[in-house]
Amino acid sequence: MSSILIIYSTTDGHTRKISQRLQQVIEQQNHQVKIVSINDEADVDLTLFDKIIVGASIRYGKHSPHVYQFIKRNQLILESKPNAFFSVNVVARKPEKRQPDTNPYLKKFLKQIVWKPKQLAVFAGKIDYPKYSFWDRSIIRLIMWITKGPTDPKTVKEFTDWKQVEAFGRVISEM
Ligand SMILES: Cc1cc2nc3c(=O)[nH]c(=O)nc-3n(C[C@H](O)[C@H](O)[C@H](O)COP(=O)(O)O)c2cc1C
């Protein structure tokens, strides 16, 4: 039995929801999982875990600066254990942009960091127009219009392929 930490960066909660699904799948394989927001990382001792998973969503083309800082600060410890990284974004709603080597954000991110995660995944995120500020809603609708996604301001839609998330959970269990 392994003890696994999933540390996530989210703005609207969808990366936490994906982390919770990973937790369910991994716990079914008889491992222990702790999920922690990257904002509370000071409260956890990374050395206590056998494997570390980092997950982060994209906002305006980037993962949060906290993610970069966390990785930089903990690079040696991450590299000393089985580890993985996953990115959540809506470009990944298109299957051809959902692979680590086809998703533009993950490709760029990996060039910006020194850590080379042992396992990688890209998951499609969620659109929740009613929840967004007027400004965010307008910009995301414009991007969706350009990329042929939903533009109805009432749209609340999860693009996440939960089977893909579950399969990644099994990869983590076995790595
Ligand atoms: C203000 C804002 C900006 C976003 N920018 C991007 C973007 O540049 N590219 C993209 O693919 N998705 C973008 N998204 C979609 C998010 O990645 C998606 O909603 C994801 O599910 C958010 O996860 P979270 O709730 O864990 O933060 C954006 C969403 C919001 C609300």
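Just follow the structure's listing: the first ligand is 1, and inside any ligand the first atom is 1. Hydrogens, waters and symmetry mates are skipped; everything else that's a heavy atom, side chains included, is used.
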Which is closest to atom 5 (N) of ligand 1 by heavy-atom distance: F123, Y60, Y129, F159?
Y60

Using modelled atom types only, decide if a donor and an acceptor are shared between the side chain of K51 and the backbone of S173 within a distance under 3.5 Å.
yes

among protein heavy atoms, the one nearest atom 29 (C) of ligand 1 is I140 CD1, 4.0 Å

Please work out which of W135, Y8, Y105 has its closest non-hydrogen atom nearest to atom 7 (C) of ligand 1.
Y105

Between G125 and ligand 1, is there a nitrogen or oxygen pair with a distance under 3.5 Å?
no

Look only at the side chain of D128 and the backbone of V156, and say whether a donor-acceptor pair between them is shorter than 3.5 Å.
no

Just which atoms of ligand 1 are under 4.0 Å from any heavy atom in D12?
24 (P), 25 (O), 27 (O), 31 (C)

Quick check: do D50 and I4 have side-chain heavy atoms less than 4.5 Å from each other?
no

Do P104 and K97 come within less than 4.5 Å of each other through their side chains, counting heavy atoms only?
yes

Select one of side chain, backbone, both or neither to describe which atoms of Y132 lie under 4.0 Å from any atom of ligand 1, heavy atoms only.
side chain

Starting from atom 25 (O) of ligand 1, find the nearest protein heavy-atom neighbour and note its residue, name and distance.
H14 N, 2.9 Å

Could you work out, for atom 1 (C) of ligand 1, the closest of D128, D136, V90 by heavy-atom distance?
D136

If hydrogens are left out, which of K17, K97, R59, K126 has an atom nearest to atom 20 (C) of ligand 1, that is, the closest non-hydrogen atom?
K126

Min side-chain heavy-atom separation F123-S87 under 4.5 Å:
no

Any nitrogen or oxygen of V91, side chain or backbone, less than 3.5 Å from one on ligand 1?
yes

At a 4.0 Å threshold, what atoms of ligand 1 neighbour a non-hydrogen atom of T15?
23 (O), 24 (P), 26 (O)

Side-chain touch D12/K126, heavy atoms, less than 4.5 angstrom
no

Can you see whether T147 engages R93 through a side-chain donor-acceptor pair at a distance of less than 3.5 angstrom?
yes

Candidates I52, L110, L78, V54 - the one meeting side-chain contact (heavy atoms from CB on, under 4.5 Å) with P117:
L110

Starting from atom 16 (C) of ligand 1, find the nearest protein heavy-atom neighbour and note its residue, name and distance.
I58 O, 3.4 Å

Whether the side chain of N74 engages the backbone of F70 through a donor-acceptor N/O pair (distance < 3.5 Å, no angle test) should be reported.
yes

With distance as the sole test, does E41 use its side chain to make a donor-acceptor pair with the main-chain N or O of L46 at under 3.5 Å?
no

Please check this pair: side chain of R98 against backbone of A92, looking for a donor-acceptor N/O pair closer than 3.5 Å.
yes

Do R16 and ligand 1 have an N or O pair less than 3.5 Å apart?
no

re atom 24 (P) of ligand 1, the protein heavy-atom contact at minimum distance is T10 OG1, 3.3 Å

Note: ligand 1 atoms sitting under 4.0 Å from heavy atoms of G61 are 7 (C), 8 (O)

shortest atom 23 (O) of ligand 1-to-protein heavy-atom contact is with S57 CB, 3.2 Å

Looking only at heavy atoms, is any part of I143 under 4.0 Å from ligand 1, and if so is it the side chain, the backbone, or both, or is it neither?
neither

